[in-house]
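Here is the structure we will look at, set down as structure tokens.
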Number of protein chains: 2
Amino acid sequence: MQQCCIMKLKKKMKTVRNTTAKTEIQELIANSPVALSHTEIQSATNGLCDRVTIYRVLERLTVEGLIHKVVNVDGVVKYAGCHSCSEKHNHNHIHFSCQKCKSVTCLEDVESTFKMPKKYIISEMNFTLSGLCPQCS
Amino acid sequence: MQQCCIMKLKKKMKTVRNTTAKTEIQELIANSPVALSHTEIQSATNGLCDRVTIYRVLERLTVEGLIHKVVNVDGVVKYAGCHSCSEKHNHNHIHFSCQKCKSVTCLEDVESTFKMPKKYIISEMNFTLSGLCPQCS
DNA sequence: TTGCAAATGCAACAGTGTTGCATTATGAAA
DNA sequence: TTTCATAATGCAACACTGTTGCATTTGCAA
């Protein structure tokens with residue numbers, strides 16, 4: 001009886017499946033030097049799957065910690081691959097948004113320091129700089 | 001003749017008008033301890049003016065440098081009053097977004113330092129921390 | 001008080017993201 | 001290899017956010 005219940009619980013565990021859409025989108029983001037928006041991914045995949053599927057794949061990849069979700073200065077949501085997150089998944093680096101070519105890049109080697117004097121509990125950071133990237137300046 | 005031209009040029013200069021909507025929205029934001037979204041402003045003003053007018057007033061106030069436009073970690077656009085910008089209008093301070101009560105506050109006394117090793121030209125910053133505010137922690 | 005044009009209201013539109021539901025297809029177990 | 005539960009997808013429809021055009025209203029300077 002007890003074992004029966006455990007088996008039932010085990011069966012309830014969600015198993016992750018690898019699909020064409022998921023694989024291609026993940027590779028696209030991983031191989032891109034800049035962060036990509038949903039629209040950009042949709043154009044790049046070119047009818048690979050439905051608009052909604054892209055949203056759901058991006059959601060899944062973000063939850064699984066395989067990609068970063070970055071909100072731009074303009075409020076545009078972009079997704080970037082985890083390049084230096086092999087040891088520990090880390091969202092807390094600075095992103096740079098170019099005002100000319102609209103590219104968003106992760107500045108994973110730039111660290112920011114600041115002191116919080118008040119009783120705030122920090123769990124997430126989104127530091128975005130905006131200006132001109134080396135290509136456009 | 002010369003003077004005529006100058007007068008014509010002067011006439012072309014856009015004059016700013018103070019309207020009920022602009023005044024009330026500006027006061028609402030100035031008196032709020034947290035940054036407000038368009039929806040929150042719409043609810044607070046309660047039919048004072050059209051939805052579109054609020055967008056246009058917010059745009060105008062931002063351009064005139066009377067309020068700050070802040071993009072949240074979630075991508076939600078909020079507007080905050082300029083409290084310590086009397087001498088010099090300054091957008092480049094840290095904002096804190098509470099995950100519990102959803103409030104966004106300006107941490108104008110917290111300064112951040114970082115070093116940029118690459119050839120980036122920085123013109124704007126959007127530093128947003130997310131977590132629990134003193135009231136919710 | 002008059003008149004220019006800044007500001008508004010309304011309608012319509014575009015972009016982004018979500019949800020429900022029927023259908024497809026993945027991968028583990030038989 | 002085949003079977004099958006269910007994860008994942010496609011489609012339609014919806015909600016929310018922000019924009020644009022245009023006729024009308026209203027602030028303010030002359």
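Every chain is numbered from 1, with letters handed out A, B, ... down the list of sequences.
Protein atom CD of B:Glu24 is 17 Å distant from nucleotide atom P of C:dA7, rounded to whole Å. Taking atom CG on B:Asp50 and atom P on D:dG21, their separation rounds to 17 Å, with Å as the unit. Atom OH of B:Tyr55 is separated from atom P of D:dC16 by 12 Å (rounded to the nearest Å). Straight-line distance from the NZ atom of B:Lys22 to the C1' atom of C:dG9: 19 Å, rounded to whole Å. Rounded to whole angstrom, the span from the CD atom of B:Gln42 across to the P atom of C:dG9 amounts to 11 Å. A straight line from CZ of B:Arg60 to P of D:dG27 spans 12 Å, rounded to a whole angstrom. The CD-C1' distance, from A:Glu64 to D:dA8, rounds to 12 Å in whole Å. In this structure, A:Glu59 places its CD atom 16 Å from C1' of D:dT9, rounding to the nearest Å.
Between A:Val34 and A:Val104, the closest side-chain pair of non-hydrogen atoms is not below 4.5 Å. A 4.5 Å side-chain heavy-atom check between B:Tyr79 and B:Leu61 finds every atom pair outside the cut-off.
Among C:dT19, D:dT20, C:dT16, the nucleotide with an atom closest to any side-chain atom of A:Thr39 is C:dT16. The side chain of A:Thr53 sits closest to D:dG10 out of D:dG10, C:dT8, D:dG18.
Checked by atom type and distance alone, the side chain of B:Ser32 never pairs as donor or acceptor with a backbone atom of B:Leu28 at under 3.5 Å. Between the B:Ser43 side chain and the B:Thr39 main chain, a donor and an acceptor come within less than 3.5 Å of each other. No donor-acceptor pair closer than 3.5 Å links the side chain of A:His95 to the backbone N or O of A:Val71.
Not a single donor-acceptor pair, N or O on each side, falls under 3.5 Å between the base of C:dG9 and the side chain of B:Arg51. For A:Arg56 against D:dG10, a side-chain-to-base donor-acceptor contact under 3.5 Å is present.
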Might you list the N or O atoms of the protein lying below 3.5 Å from N or O atoms in nucleotides 27-30 of chain C, with each pair's distance?
unit_1, atom_1, unit_2, atom_2, d
C:dG27, OP1, A:Asn18, N, 2.9
C:dG27, OP1, A:Asn18, O, 3.3

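Nucleic acid contact for B:Val52: base, since at least one base atom lies under 4.0 Å from a heavy atom of the residue.
Ring geometry, A:Tyr120 versus B:Phe96: the interplanar angle falls from 30° to 60°, so the pair is classed tilted.
One finds no salt bridge joining B:Lys102 and B:Glu40 here, because no Lys/Arg side-chain nitrogen approaches an Asp/Glu carboxylate oxygen to under 4.0 Å.
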